[in-house]
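By convention here, the first residue in the shown sequence is residue 1. For the numbers below, each heavy atom of this structure counts, side chains included, while hydrogens, waters and symmetry mates do not. Since this is a predicted model, take the numbers as computed values, not measurements.
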Amino acid sequence: MTLTGIVLIIISAALCIMVLAFIPTLLAVKRAAISLGALSEMVHTELKPALQELTAALTELRAVGGDVAEHADDVKRFMTALGETGDNLNTINRSVGMVAGVLSATSTWAIGAKVAGKYLLERYLKKRGGK
């Protein structure tokens, strides 16, 4: 065998060893490509609708936030009116308390005047009846 034949045998043996080592690598790359395709399909079928729903939910939240901000002034006016109503009720309550106090005092004075009048009338009648 010549030197060229030996070199060709060594080169062909090295190529066979490289091909045998390269086959598992190609199979792993093929499996990775299949997994990547499945992942891409899952993203398109599941994640894309979820993102669309999330976008719709965010749009609704923005609308609700706008409505809340729009009605914040109404709530402030309502709370102001409620406070004024409370103040007015407090004023009415004080007025009613004062009127009740006046009526109570008037009632006491009326009872006192009635008793005094009755006493004076009895004394007058006794003096007149006694003469």
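A donor-acceptor distance shorter than 3.5 angstrom exists from the side chain of Thr80 to the backbone of Lys76, with no hydrogens or angles considered.
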Using residues 26-39 as the side-chain source, report each donor-acceptor pair under 3.5 Å to any protein atom, sequence neighbours left out, with the distance given to one decimal.
residue : atom : partner : partner atom : Å
Ser35   : OG   : Arg31   : O            : 3.2

In residues 90-98, what donor-acceptor pairs under 3.5 Å come from side-chain atoms, sequence neighbours left out?
residue : atom : partner : partner atom : Å
Thr91   : OG1  : Asp87   : O            : 3.0
Thr91   : OG1  : Arg94   : NH2          : 3.2
Ser95   : OG   : Thr91   : O            : 3.0

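For the atom pair Leu121 CG and Leu125 CG, the distance stands at 4.5 Å (nearest 0.5 Å). Here the straight-line distance linking atom NZ of Lys127 with atom CG of Leu120 works out to 10.0 Å at 0.5 Å rounding. Atoms CD1 and OG1, from Ile111 and Thr106 in turn, are 11.0 Å apart once rounded to the nearest 0.5 Å. With rounding to the nearest 0.5 angstrom, the CD atom of Glu84 is 12.0 Å from the CE atom of Met79.
In the displayed structure, Gln52 atom CD is contacted under 6.0 Å by more than 12 heavy atoms of other residues, nucleotides or ligands.
Of the options Thr4, Ile10, Ile11, Ile9, a side-chain contact (heavy atoms from CB on, under 4.5 Å) to Val7 is made by Ile11 and by none of the others.
Closest approach of Thr25 and Ala21 over heavy atoms only: OG1-O, 3.5 Å.
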Worksheet item: Yes or no on side-chain contact (heavy atoms from CB on, under 4.5 Å) for Met18 and Leu15, after CA distance, side-chain angles and deciding distance?
Response: CA-CA 5 Å; Met18 282 182 16; Leu15 283 175; 4.2 Å; yes
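Residues Lys118 and Glu122 meet the side-chain proximity criterion, which asks for heavy atoms closer than 4.5 Å.
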